[in-house]
S.K.: 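Sharing a structure here in C-alpha cells format.
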Amino acid sequence: MTKRLTEVAKKAGVSEATVSRVLNGRDGVSAATRTAVLTALDVLGYERPTKLRGERARLVGLVLPELQNPIFPALAEVVTGSLAQRGFTPALCARTIGGVSEMDYVEMLLDHQVSGVIFAGGSYALADARHDHYRRLTDRGLPVVLVNAGVDELGFPRVSTDDAVAVEQAYGHLRSLGHERIGMVLGPEGHVPSRRKLNAMIQAAGWADDEFVERSSFSMEGARVAATKLVERGVTGIICASDVLALGAIRAARRLGRAVPADVSVVGFDDSAFMTCTDPPLTTVRQPIETMGQAAVDLLVTQIEGAGVLHDELLFEPELVVRGSTAPAPAR
C-alpha cells in the first residue's frame with residue numbers, strides 16, 4: 001500500500017496524503033487533483049477502490065495496428081498531443097505480430113475505465129473480420145472514433161481521407177505523363193479503404209475487369225510480389241495503397257531490371273516520414289494527418305462531454321506530392 005501511494009503521488013504530482021484522501025473518498029480535494037490521482041492510478045495499472053470504479057478515468061486509448069509504418073507514429077504524435085492539451089492521458093496500444101491483439105487491448109482499456117478510444121487501421125476496416133469487440137464498446141456506451149473508412153454497420157464516427165480524390169489525383173498525374181497501362185497494388189480484398197480506391201479507379205479509368213489490380217498485405221515484401229506481376233503484364237505506372245507498398249513496388253521493378261521512373265513510375269499514399277529520402281524520392285498522395293488527428297480528438301471529446309455523436313463520416317482532401325518516382329511513360 002505504501003509503495004502504491006508513493007508511486008501514484010509521484011505520477012500525479014501531489015502528496016501521499018492527498019492520494020490517500022482521494023482513495024478513501026474524503027473531502028478537501030479539488031476536482032482537478034482528484035482526476036489527476038485517479039488517472040495516475042489507472043496509468044500505473046492499479047485497481048481503483050470499489051466505490052470509485054464507476055467513475056471513468058480521463059484516460060483515452062489510441063489503438064494502432066503497428067508502429068513500423070511511419071504514418072502511424074505521425075498520427076500518434078498528433079493525437080496524443082491534442083489529448084494532453086485537453087487534460088486527457090493517452091494510452092498508446094500498438095499491435096505487434098504474435099503480441100497483444102486488438103480484442104485484448106479493448107478488454108484492457110475497458111478494465112481501466114477509459115473515457116474513450118480512437119482506432120486507426122484496425123479490423124474495423126476489414127469487412128470479413130470479427131467485430132465483436134467493437135460492439136462491446138457500443139454496449140458500454142463508450143465514445144469511439146475510427147480513423148479511415150470502417151464498415152458502415154458499426155455506426156461509429158469516422159475521420160477519413162477521401163480515397164476517391166486520392167485516386168483521381170494519382171491517376172490524373174500518371175495519365176498526364178502519357179501512361180496508359182496503369183495498375184494498382186491494394187490491401188486485402190476486404191479492406192474498405194482499398195475497396196474505395198478500386199471503385200474510384202474503375203470510375204476514372206473505365207476498367208471492365210481487375211486485370212491490372214494485385215492485392216497484398218501491407219508489407220514491402222508482399223507488395224514486391226504483387227507489383228512483380230503487374231510489371232510482367234506490361235504496366236508502366238503503379239498506384240499503391242500506402243508508401244510501404246510503393247517502396248515494395250520500386251523494389252519489384254528493379255529486380256526485373258526496370259528503372260524507376262524511366263521504365264516504371266510509382267505513386268504511393270500517405271506521404272509518411274522519409275519519403276523525400278528514398279531513391280528516388282517518392283511521388284505520393286499526402287494524407288492530412290495533422291488535421292485528421294485533431295478532428296478525431298474533437299469528435300471524441302465532444303462525445304465524452306455528452307454533446308452528442310456525429311454519425312456522418314468526415315472526409316478530408318489529400319494532396320498529390322510530385323517527386324522523383326514518376327516520369328513520362330517510356331516510348332514504345
Side-chain angles (χ1 to χ4, degrees), residues 11 39 42-45 57-86 88-126 129-134 136-137 142-150 154 156-161 187-188 191-194 216-223 241-245 247-248 268-275 287-290 292-297 299-300:
K11 187 75 174 177
T39 300
D42 294 327
V43 170
L44 292 170
R58 288 184 68 83
L59 188 68
V60 170
L62 173 59
V63 184
L64 304 175
E66 56 167 312
L67 291 176
Q68 292 184 333
N69 183 336
I71 200 66
F72 293 115
L75 176 66
E77 184 176 5
V78 174
V79 170
T80 56
S82 182
L83 286 170
Q85 288 176 359
R86 291 167 174 259
F88 290 91
T89 301
L92 181 61
C93 305
R95 304 202 310 275
T96 56
I97 296 174
V100 180
S101 69
E102 187 176 68
M103 191 176 302
D104 289 337
Y105 271 132
V106 167
E107 292 300 324
M108 291 167 61
L109 292 170
L110 287 173
D111 287 344
H112 280 81
Q113 296 285 326
V114 293
S115 295
V117 186
I118 296 174
F119 290 91
S123 57
Y124 65 84
L126 298 171
R130 290 187 60 187
H131 300 130
D132 298 350
H133 52 298
Y134 299 120
R136 286 211 63 202
L137 299 173
L142 198 69
V144 172
V145 174
L146 309 180
V147 177
N148 276 335
L154 290 175
F156 294 130
R158 287 169 286 171
V159 173
S160 304
T161 299
H191 185 242
V192 175
S194 291
S216 169
S217 61
F218 281 95
S219 68
M220 200 178 301
E221 181 58 22
S242 78
D243 289 342
V244 171
L245 296 184
L247 296 179
F269 178 80
D270 283 339
D271 194 26
S272 46
F274 310 121
M275 292 306 107
Q287 291 201 70
I289 286 298
E290 184 163 350
M292 291 171 61
Q294 294 282 0
V297 172
L299 281 175
L300 192 77

S.K.: Side chain to side chain contact (heavy atoms under 4.5 Å, CB included) for Leu83 and Thr89? Distances and angles first, verdict last.
M.R.: CA-CA 7 Å; Leu83 286 170; Thr89 301; over 6 Å; no
S.K.: Does any N or O in the side chain of Ser82 come within less than 3.5 Å of the main-chain N or O of Val78, such that one atom is a donor and the other an acceptor?
M.R.: no
S.K.: What residue among Val159, Leu75, Val297 forms side-chain contact (heavy atoms from CB on, under 4.5 Å) with Met292?
M.R.: Val159
S.K.: Whether the side chain of Ser123 engages the backbone of Leu126 through a donor-acceptor N/O pair (distance < 3.5 Å, no angle test) should be reported.
M.R.: no
S.K.: Got a salt bridge between Glu66 and Arg95, using NZ or NE/NH1/NH2 to carboxylate O under 4.0 Å?
M.R.: no
S.K.: Under the side chain to side chain contact (heavy atoms under 4.5 Å, CB included) criterion, do Val117 and Val60 qualify, and how do the steps go?
M.R.: CA-CA 6 Å; Val117 186; Val60 170; 6.0 Å; no
S.K.: Quick one: does any side-chain atom of Asn148 pair with a main-chain N or O of Thr161 as donor and acceptor, under 3.5 Å?
M.R.: yes
S.K.: Answer yes or no: does atom CD of Glu77 have more than 12 heavy-atom neighbours from other residues, nucleotides or ligands under 6.0 Å?
M.R.: no
S.K.: Nearest 0.5 angstrom please: Phe72 CZ to Leu64 CG, how far?
M.R.: 7.0 Å
S.K.: I'd like to know whether CD of Glu221 has more than 12 heavy-atom contacts from other residues, nucleotides or ligands below 6.0 angstrom.
M.R.: yes
S.K.: Which pair of non-hydrogen atoms, one from Leu109 and one from Ala91, has the smallest distance, and what is that distance?
M.R.: CD2-CB, 4.3 Å
S.K.: Does the side chain of Ser272 pick up a donor-acceptor pair with the side chain of Asp243 at under 3.5 Å?
M.R.: yes
S.K.: Keeping Tyr105 on the side-chain end and Leu92 on the backbone end, is there a donor-acceptor pair under 3.5 Å?
M.R.: no
S.K.: For the pair Arg58 (side chain) and Arg86 (backbone), establish whether a donor and an acceptor sit closer than 3.5 Å, ignoring hydrogens and angles.
M.R.: yes
S.K.: How far does OG of Ser115 sit from CG of Leu300, to the nearest 0.5 angstrom?
M.R.: 8.5 Å
S.K.: Show the nearest heavy-atom pair for residues Ala241 and Gly187, with the distance to one decimal.
M.R.: CB-N, 4.2 Å
S.K.: Compare all side-chain heavy atoms of Arg136 with those of Leu110 and state whether any distance is below 4.5 angstrom.
M.R.: yes
S.K.: Within this structure, what is the CG-CG distance for the pair Leu137 and Asp132, rounded to the nearest 0.5 Å?
M.R.: 11.5 Å
S.K.: Establish, yes or no, whether a centroid distance under 6.0 Å links the rings of Phe218 and His191.
M.R.: yes
S.K.: Hey, does the side chain of Tyr124 reach the backbone of Val147 with a donor-acceptor pair shorter than 3.5 angstrom?
M.R.: yes
S.K.: Between Val63 and Glu102, is the side chain to side chain contact (heavy atoms under 4.5 Å, CB included) condition met? List the steps.
M.R.: CA-CA 7 Å; Val63 184; Glu102 187 176 68; 4.1 Å; yes
S.K.: Specify the closest pair of heavy atoms between Ser160 and Ala149, including all atoms of both residues, with the distance to one decimal.
M.R.: OG-N, 2.9 Å
S.K.: Could you grab the distance from atom CZ of Phe269 to atom CD1 of Ile71, nearest 0.5 Å is fine?
M.R.: 8.5 Å
S.K.: Are side-chain heavy atoms of Asp270 and Ser242 found at a separation under 4.5 Å?
M.R.: yes
S.K.: Rounded to the nearest 0.5 Å, what separation is found between the CZ atom of Phe119 and the CZ atom of Arg158?
M.R.: 14.5 Å
S.K.: What heavy-atom pair brings Gly121 and Pro65 nearest, and what distance separates the two atoms?
M.R.: O-CB, 3.3 Å
S.K.: Specify the closest pair of heavy atoms between Val244 and Met220, including all atoms of both residues, with the distance to one decimal.
M.R.: CG1-N, 3.7 Å
S.K.: At what distance, to the nearest 0.5 angstrom, does CZ of Arg130 lie from CE of Met103?
M.R.: 4.0 Å
S.K.: To check you understand the geometry: which heavy-atom pair defines the closest contact between Leu299 and Pro157, and what is its length?
M.R.: CD1-CB, 4.2 Å
S.K.: Going by heavy atoms in the side chains, are Val106 and Asp104 under 4.5 Å from each other?
M.R.: no
